[in-house]
Protein chains: 2
Amino acid sequence: MTGLPIMSVGKSGQNRENLRQHNLSLVLRLLHQMGTVARSQLTSITGLNRSTISDLVAELAARGLVIESEAMQVGGVGRPSLSVATATNVVAFAVNPEIDATTIAAVTLDGQIIDRIRYPTHTQPEPQKAAQIANQLITSMRKQLPVGTRIAGVGAAVPGQVRVNDGVVRFAPHLNWVEAPFGPMLSQLTGLPVSVDNDASLATLAERTYGSAKGARHVVSLFAGSGGIGGGVIVDGLPLRGSTGYAGELGHMQISNSSEVDFSGLPGTLEALVRRDDLLEVFKLYSATDEELDFEILNATDKGPVKVIQSQIDALGRGIGVLATIFNPQMVVLSGFLSSLFQFDSDRLLDVVRKSTLQSAHDSLLVRTGDLGTKAVLVGAAELAFNNLLENPAAAPLFPANN
Amino acid sequence: MTGLPIMSVGKSGQNRENLRQHNLSLVLRLLHQMGTVARSQLTSITGLNRSTISDLVAELAARGLVIESEAMQVGGVGRPSLSVATATNVVAFAVNPEIDATTIAAVTLDGQIIDRIRYPTHTQPEPQKAAQIANQLITSMRKQLPVGTRIAGVGAAVPGQVRVNDGVVRFAPHLNWVEAPFGPMLSQLTGLPVSVDNDASLATLAERTYGSAKGARHVVSLFAGSGGIGGGVIVDGLPLRGSTGYAGELGHMQISNSSEVDFSGLPGTLEALVRRDDLLEVFKLYSATDEELDFEILNATDKGPVKVIQSQIDALGRGIGVLATIFNPQMVVLSGFLSSLFQFDSDRLLDVVRKSTLQSAHDSLLVRTGDLGTKAVLVGAAELAFNNLLENPAAAPLFPANN
DNA sequence: TTGTATTTGTTGTTCCAAACAACAATAACA
DNA sequence: TGTTATTGTTGTTTGGAACAACAAATACAA
């Protein structure tokens, strides 16, 4: 019972530096999420003293991360409080390689996309090629950013399973990538820190920070696109990652005895039962944008399509029920064509959910559609890139846009 | 974008008191988990300064929570380090009402059960009655504890869904309790603080702290008894509770199209497919202890029983696969007769698990049996009761055993 | 046995971030 | 115009962790 240190608490003692870092991080995170906040609000939200907030904001301003402006609030008694906002010249790059295109965006510290390029490719790019494309796009975008812009880093959202620690894409079936060190490659090329994660997990993060799950502490999200069904989970305010970073692959959970297999070869999973291709087929389409598919679903009346839609709604409902039972979240967020399914017959979906969910967990459950659409992945990827800065505002490096 | 505070960070700014509290809590938690630790180890584990550890330990000793003793380590160069251990006179009571008995235990701060009473009942007790029984047992046990013993509180492990915030048992099918305020009742009777949680969640906590999942940060546990299948999840070192406290009801997740229903009326769930009663029936037993059932399973050779066992193994494997895909845990811990199923044919179980788990999440997955057996629930309940003390060693109240 | 190197505990001092107190600034309102 | 309420600012206080110097206790080599 003695001897070996059994726990892995890893230097979690708190000293003065941690204290300051924690508070700086807290203030910057609040501004990051809320955009503009009065200093007096910061004191009441954090519980810190007026003078402490003054000091913290001054330090953040000195580092060029926030800007103090004249009071904007009107109506209250007493001296008007100064407004604090995130600096507009701090950005992160978001990278999203997909089967038919690679997209790049520049996102500001308050979550606004200020620039965006979509670079179509004929075939699915090799990892090395995708990294080169991304680097070129970033390089050219970097030149066009306003002088004085500073870059926090790069976040990549990949449709596949990602080892978050080292930025290696373990398996991305739609890109045909296996054990691809995309993060290190792109970091090498750009000279910027690169973080990589699963696209659906990042979209979830974006919905939590700016979208329909804003501020929620317990969220399950399902995200469907041409690349199957992805998922993301927020537990107590933080993304669920699991021991090696693969947690949240909600599309691949088996919910039925069906022998239909998904893109990873598992039978009876949510992804095997709720398939974009099956919808396209019944609508006699070879390909369609998300908007076109949405239109077809919402206007479906023929028996064939309706039957397929209903069967997918039923499977989706069961999946949601399982997740709600396991996680007891405040809400479930649906994106991509899943929100079309929801809107087609929300009563049916909610009914299936109710029948598949443990009563207690169902009581306060909300099912919603995502707010951010295709922005979610990019904003989420930028979130990932901003994380270092938000975690340690005093020490995280910033890079010049043009040198 | 301004105005309303959107986030719910709730006074999370850190001040000096928090700092001290955090460090006291950290040290006490380490001792709680590791039993006896050298002071020099505390410095290296926490990263705090030697003199700071000295100060913290002195404060904890002054409050009677820890004891410093002579150096026990031998062999090293240099001055031997003093040993620090948790005080032996601080205990929590664990309460576990079940269908046919109510069990009480006194557990020390280092997780040892020093006293235990099982009080059989003929019928399932009403909440009020169960609270009275528990109070009587606690009162009599309180008198027999050594003079000077101090009590941190009471933790109750209930086989059902518990609203952790207010100690109300929302639904416990085996006890036939609905919306029963068991926590407040017992607190009223005993005059002690009472916390309540689901029994399987607490057993998981115990396995994480002292059992086969000791020190693991990502654990899924499945726990089977006469009351169906319960579950518990540890995410990043902390129990998963969900937004209203009902998370982790893993037995009630639908994994198949079967129409068999579980105790909560849901069809096709893990609990509906892995049933103790089905095993008893095929063994032609009316009732059996866990040990008897374990013996029967491990020695089964007849075609009928083997077939049932195999079918349950297959369902269990699928359930584990779903959970491993969702949570990507380091390990899955099986307790109760699930460990018997595992031991009967571990190859078969692991094979099913492999086929139901996303490859990435399967790579580093361990499946283990629980170490603590029936102790787990009681130790876990005591953990719950100790939580206040561990969270804030300087402020949490302690109560005398005999007055 | 003695001396040296090594590690740990102890004590007094230093340092730093947050709290606090007093005052100035700026609004609403009577 | 004076009063009240709220917020920002400045200088001081405070508490807890780090630090430095020294003492204590061991292993090991000479």
Side-chain angles (χ1 to χ4, degrees), chain A residues 11-28 36-63 66-84 392-395, chain B residues 2-3 11-28 36-63 66-84 392-395:
Chain A
K11 309 277 179 188
S12 51
Q14 295 234 349
N15 52 22
R16 289 188 321 274
E17 282 173 36
N18 291 336
L19 183 72
R20 183 66 165 188
Q21 177 183 335
H22 174 96
N23 285 340
L24 282 172
S25 169
L26 178 68
V27 171
L28 188 57
T36 303
V37 184
R39 250 168 53 171
S40 60
Q41 285 182 50
L42 290 176
T43 68
S44 65
I45 294 174
T46 61
L48 295 169
N49 191 283
R50 243 176 17 231
S51 52
T52 306
I53 289 293
S54 178
D55 198 35
L56 292 168
V57 169
E59 177 164 351
L60 291 174
R63 295 182 183 280
V66 307
I67 297 170
E68 282 187 286
S69 47
E70 287 304 304
M72 292 168 41
Q73 307 275 94
V74 280
V77 184
R79 177 174 177 173
S81 190
L82 298 179
S83 279
V84 189
N392 193 350
Chain B
T2 77
K11 310 278 178 187
S12 50
Q14 294 234 351
N15 52 24
R16 290 189 320 274
E17 281 174 35
N18 290 336
L19 185 73
R20 184 66 167 188
Q21 177 183 334
H22 174 96
N23 285 340
L24 283 172
S25 170
L26 178 67
V27 171
L28 189 56
T36 303
V37 184
R39 250 165 57 168
S40 59
Q41 285 182 48
L42 290 176
T43 68
S44 65
I45 293 174
T46 61
L48 295 169
N49 191 283
R50 239 170 28 224
S51 52
T52 306
I53 289 294
S54 178
D55 199 34
L56 291 168
V57 170
E59 177 164 351
L60 291 174
R63 294 183 183 280
V66 307
I67 297 170
E68 283 187 284
S69 48
E70 287 306 303
M72 291 167 40
Q73 306 276 94
V74 279
V77 183
R79 178 174 175 173
S81 191
L82 297 180
S83 279
V84 188
N392 194 349

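As the structure is a computational prediction, the values presented were derived from the model and not from experiment.
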Open item on the list: Testing A:Leu42, A:Leu56, A:Thr43 one by one against A:Leu48 for a side-chain contact (heavy atoms from CB on, under 4.5 Å), which residue passes?
Closed with: A:Leu56
Task: B:Val66 and its side-chain contact (heavy atoms from CB on, under 4.5 Å) partner, picked from B:Val84, B:Val37, B:Thr36 - done: B:Val84
TODO: Hey, which sits more toward the 5' end of DNA chain C by its nearest nucleotide, A:Arg20 or A:Arg79?
DONE: A:Arg20
- [ ] Tell me which of A:Ser51 and B:Ser40 sits closer to the 5' end of DNA chain C, going by the nucleotide each one is nearest to.
- [x] B:Ser40
Open item on the list: Quick check: do B:Arg20 and B:Asp55 have side-chain heavy atoms less than 4.5 Å from each other?
Closed with: yes
Length of the line joining [X]:[atom1] and [N]:[atom2], which is rounded to integer Å:
{"X": "A:Arg50", "N": "D:dT6", "atom1": "CZ", "atom2": "C1'", "answer": "8 Å"}
{"X": "A:Leu82", "N": "D:dT9", "atom1": "CG", "atom2": "C1'", "answer": "11 Å"}
{"X": "B:Gln21", "N": "D:dG15", "atom1": "CD", "atom2": "P", "answer": "17 Å"}
{"X": "A:Leu56", "N": "C:dC16", "atom1": "CG", "atom2": "P", "answer": "16 Å"}
{"X": "A:Asn18", "N": "C:dA18", "atom1": "CG", "atom2": "P", "answer": "12 Å"}
{"X": "A:Gln41", "N": "D:dT7", "atom1": "CD", "atom2": "P", "answer": "10 Å"}
{"X": "B:Asp55", "N": "C:dG9", "atom1": "CG", "atom2": "P", "answer": "14 Å"}
{"X": "A:Asn49", "N": "D:dG11", "atom1": "CG", "atom2": "C1'", "answer": "14 Å"}

- [ ] Consider the side chain of B:Ser81, meaning its heavy atoms from C-beta on, and name the nucleotide among C:dA18, C:dT8, C:dT26 that approaches it most closely.
- [x] C:dT8
Open item on the list: Measuring from the side chain of A:Val77 (C-beta onward, heavy atoms only), which nucleotide among C:dA27, C:dA19, D:dA24 has the closest atom?
Closed with: C:dA27
Task: B:Ser81 (side chain) donor-acceptor with B:Ser40 (main chain) under 3.5 angstrom - done: yes
TODO: Look at all strands and tell whether B:Asn23 reaches a base, only sugar-phosphate, or nothing, counting heavy atoms closer than 4.0 Å.
DONE: sugar-phosphate
- [ ] Please name the pair of heavy atoms, one in B:Arg63 and one in B:Pro393, separated by the smallest distance, quoted to 0.1 Å.
- [x] CD-O, 3.8 Å
Open item on the list: Assuming nearest nucleotide by heavy-atom distance, tell me which of A:Arg39 and B:Thr52 is located more 5' along DNA chain D.
Closed with: A:Arg39
- [ ] On DNA chain D, check which nucleotide each of A:Gly78 and A:Glu68 is closest to and give me the residue with the more 5' one.
- [x] A:Gly78
